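Owing to the predicted nature of the structure, the values given are computational and were not obtained by experimental measurement.
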Amino acid sequence: MIWLAAAVLLVSLLVGASFWSISQAGQAAQKRQAIHLVLDKADDLLSAITDAETGQRGYLLTEDASFLDLYEKVRGNIKGQLAELRQATTFAAATARLDIMEPMVDAKLLGLARNIELMRQNDRPAAIALVASGEGKYLMESIRAEMKRFVLLQEEFTKQNEAEFLASMRSLFSLILLASLAVLLSACYFIYMIYWRGQQKIAELVYAETSRLLDIQRQLNLALEEKNAALKIATLAAEKADRAKSEFLTTMSHEIRTPMNGVIGMIDVLQQSSLNGAQMEMTNIIHDSAFALLAVINDILDFSKIEANKLDVEAIPMSVSDVVESACDNLAQMALAKHVVLTLFVDPLVPTTLLGDPGRLRQILINLTNNAIKFSAGQAQTGRISVRVLLKEHTTERAMLTFQVSDNGIGMDAATRAKLFCAFTQADTSTTRNFGGTGLGLAISAQLAELMGGDIDVQSKPGIGSVFSLNLSFALAPEPTPTSVPPNPVAGLACLVMAETDGLADDMAAYLRAEQALVTRASDLASAQSWMQDQPGGVCIVVESTQSDTLMASLRAAARSQPEKAWHFLCIQFGQRRKPRMDQTGLVVVDVNLLNRKAFLGAVAIAAGRARLPTPDNLPAEASVAAAPMTREQARRQGSLILVAEDNEYNQKVILQQLMLLGRAADIANNGQEALARWQSGAYALLITDLHMPLMDGYELTTAIRAAELGRPRIPIIAFTANALKGEADRCKAVGMDDYLSKPVQLAELKAMLKKWQPVVFSLPFSTPAALLDQQTLAVDVRVLATLVGDDATIIREFLNDFHISARQISQELSAACRAGDAPAVAALAHQLKSAARSVGALALGELCASLEMAGKAGDQPALTRLTPPFDEEWTRVSDFLRKNLC
């Protein structure tokens, strides 16, 4: 009975232990199922993030909005999935991994949303640049790494549970077996069967779940491999697109600028032919339109080069003053045509030579000044543009400069300033229609400033005007050793600078102080007269005052009361003539527009009697246009025959016409092979070659000539190409070319190039009657007309005669309309005479006509009354000059 009771007890214990072990196995299975659920949710979360990235990249690469459907479908569930995964996770180590992963997921979603928003704002370059930065890729790789660690933790947790379960089961069964063997041997088989079946079940569960985990791991690895392959394909596509963009730039630079060479080149040729007034005006319009189109083309190509990282900046010795003056000179005619006053000032403390990129600096200044002229012209008040260069910091190695371009134009509000430097953006939809432009100029300027290590900022208010400031730092270049020190004509000279307001007067005073002059500023007549009482003599300078005549008369009256003192006078007034002139009373006058430091100091020295008034330059003895073009045989005998290698038929015609207009003779070769064969004849003194030609291009042609001319005279070779990309000129010189011309080439550029490499004095030089060059009164500056129609004396005489006949009638009608107070008639007649007067060189008459036109349009009767006598006097001077020289 005891044995049976013990057996029953042991059997009961065994049954209880069995049920307990089954319960533990069930709990272990539930834990495994929970872990499987966690792994499934982890897989879903990673797939959702990957799908969101795939949709965003598809939209970025193809701009197809349908890719956003996948992105929108999964984006909203990602945070929820992450929360569910956190809730399902049952141990702290895995939760810690989720804590690390969550900010990465937030950052990744934020980056995807930012890229998509940039694309929706049509800023695809910025979106691509954001992807190219690698931030998104780095976040995705970090998320995958954290997810992999999370999965490994789950697997380790599963194995740990299984090990603990097996260990507990083994201990329990060992105790039961020992007790059963000691008391009831008959139960061994039964216990063994229970044990065997339990182990089999556990093994099956472990095997099944382990297989499931391995399957999940394989699926995750496969998905990662597929995503990496897709990313690699996308990267290769982006690299291919970048190469295609670079090739596109090269092709477009050549293909667009080649026909522009024909347009601009033939316009130059046409302007040198015999045209009547209407034809010349139409030709000038075509010329301006062609250059406006060329400016747009250059802007687009520059912007594309910046976007493709193909644009570099140089660091070569340059003169900041020369760059600023060149930029302003480039826009002088535009400012004159739009009745805008353009002034410039370069701080005398700016180092003479700095290391920088003069071409890119000039491009930025032209863009800023061009905008200022456009937006300050045509307003109620006279447009005024000020270009200033100020020294902000100066060390032994670097100089920090600020280039300011200020205007009194239409200004802009804060919203407009915010988008000012965005590509293809104008202030509003009416701006392009009213003022023109692509909206690229400021965007390019800002990016160029950034490439040069600087920045551009703007201050502006609607109706007040704008101030653009370009801040750049330059390294100092070694100062050249001067061979001789030029004399300082104003050192020690007592100077009074008088003006109603500050600004230009302060600039002039700064110039004088830098040259050791003794400078005093005065803002009223009483202060000026007091200064004159205390000084033994000097120069009185009146700067663009509305009361210049009255002030000057009062100052000169005060000077006459002190005959023992040497007084001199200089008036700086509105106008476009930058050369000083002196009237019969000894008053020196110079105009304020584009008055630079050298011209101003020269005018002061002339007024003080320390320098001579420059006489008008004669027309050059070596003419730009031969009276009769040189024949090929004459050029060959003289050793000046030119060989042109060019495959484009239109460009052949343009260059031949330009060379003929310059009195040169040339032969054409249609490709490099033909040019090489012609060169071997030894008949040519100069080779102008295109770079891209069939059979043999310009590079191969140059290499072949340089290799074959050993022991023979070296022929100058000039590259002539429409490819304006960075580095092209350096490549040309590297293969042996001597110089570089970029299409479209203007007549003046071609003339300068020929003069540099093949100076020729023609056998039939241009000859102008000496009387025609007698311009001491400056009534008509014949050189102005010569630059438009060429130096042919017969053509110049015809133009002047036609102008004299038509202008006589117009001037009589204009004078009568002024006296009758007929403002509309005055405006119309003054406009008609203005352009003709300026074209023939009657610059003072043209300025008076411009003033009369503005007064007529405004209905300003007092101004008409005031301007009529000076107009009549100036017309008499012009008419007398023409009668004297055309008789």
Exercise. Before accepting this row, confirm whether a basic side-chain N of the pair D860/R866 lies closer than 4.0 Å to the acidic partner's carboxylate O.
Key: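 No, this pair does not count.
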Self-check item: R883/D880 ion pair, N-O < 4.0 Å
Solution: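 Result for this pair is yes, salt bridge flagged.
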Has [X] got a side-chain atom pairing as donor or acceptor with [Y]'s backbone, closer than 3.5 angstrom?
X: R610; Y: P489; result: yes
X: T868; Y: L864; result: yes
X: H568; Y: A607; result: yes
X: S326; Y: D322; result: no
X: D455; Y: S469; result: no
X: S554; Y: T550; result: yes
X: K565; Y: M532; result: yes
X: S561; Y: A558; result: yes
X: S527; Y: S523; result: no
X: S811; Y: A807; result: yes

side-chain contact (heavy atoms from CB on, under 4.5 Å) involving [X] - partner list, sequence neighbours excluded:
X: I464; result: K461
X: K392; result: L390, M400, T402
X: A514; result: P348, R597
X: S851; result: L867

Excluding sequence neighbours, so at least two apart, what forms side-chain hydrogen bond (donor to acceptor under 3.5 Å, both in side chains) with [X]?
X: N488; result: E515, Q516
X: Q404; result: none
X: R398; result: S473
X: S466; result: S460

Quiz item: Just checking, any donor-acceptor pair under 3.5 angstrom between side chains of S445 and N367?
Solution: yes
Practice problem: Verify whether one side chain among D407 and N371 offers a donor that lies under 3.5 Å from an acceptor in the other. | Solution: no
Quiz item: Which residue pairs pass the ring-ring contact (aromatic ring centres under 6.0 Å, His included) test when at least one of the two sits in residues 382-407, sequence neighbours left out?
Solution: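 Matches after skipping sequence neighbours: none remain.
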Quiz item: Can you pull the ring-ring contact (aromatic ring centres under 6.0 Å, His included) pairs that have at least one residue in residues 313-351, sequence neighbours excluded?
Solution: F345-Y511
Quiz item: For residues 379-391, which residue pairs qualify under salt bridge (Lys or Arg N to Asp or Glu O under 4.0 Å), counting only residues two or more places apart or in two chains?
Solution: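 Those involving residues 379-391 are R384-E544, R388-D507.
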Quiz item: So how far is it from L344 CG to C328 SG, rounded to the nearest 0.5 Å?
Solution: 4.5 Å
Self-check item: Value rounded to 0.5 Å, distance of CG in L843 from CG in L848
Solution: 11.5 Å
Quiz item: By salt bridge (charged side-chain N to carboxylate O under 4.0 Å, His left out), which residues pair with D524, not counting sequence neighbours?
Solution: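 Here no residue qualifies.
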Quiz prompt | Greater than 12 external heavy atoms within 6.0 Å of E749's CD | solution =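 Enclosed.
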Practice problem: Report, as yes or no, whether the 6.0 Å neighbourhood of atom CD on Q381 holds more than 12 heavy atoms from other residues, nucleotides or ligands. | Solution: yes
Quiz item: Are L496 and I541 close enough, and set up right, to give a side chain to side chain contact (heavy atoms under 4.5 Å, CB included), and what steps lead you there?
Solution: CA-CA 6 Å; L496 175 72; I541 304 168; over 6 Å; no
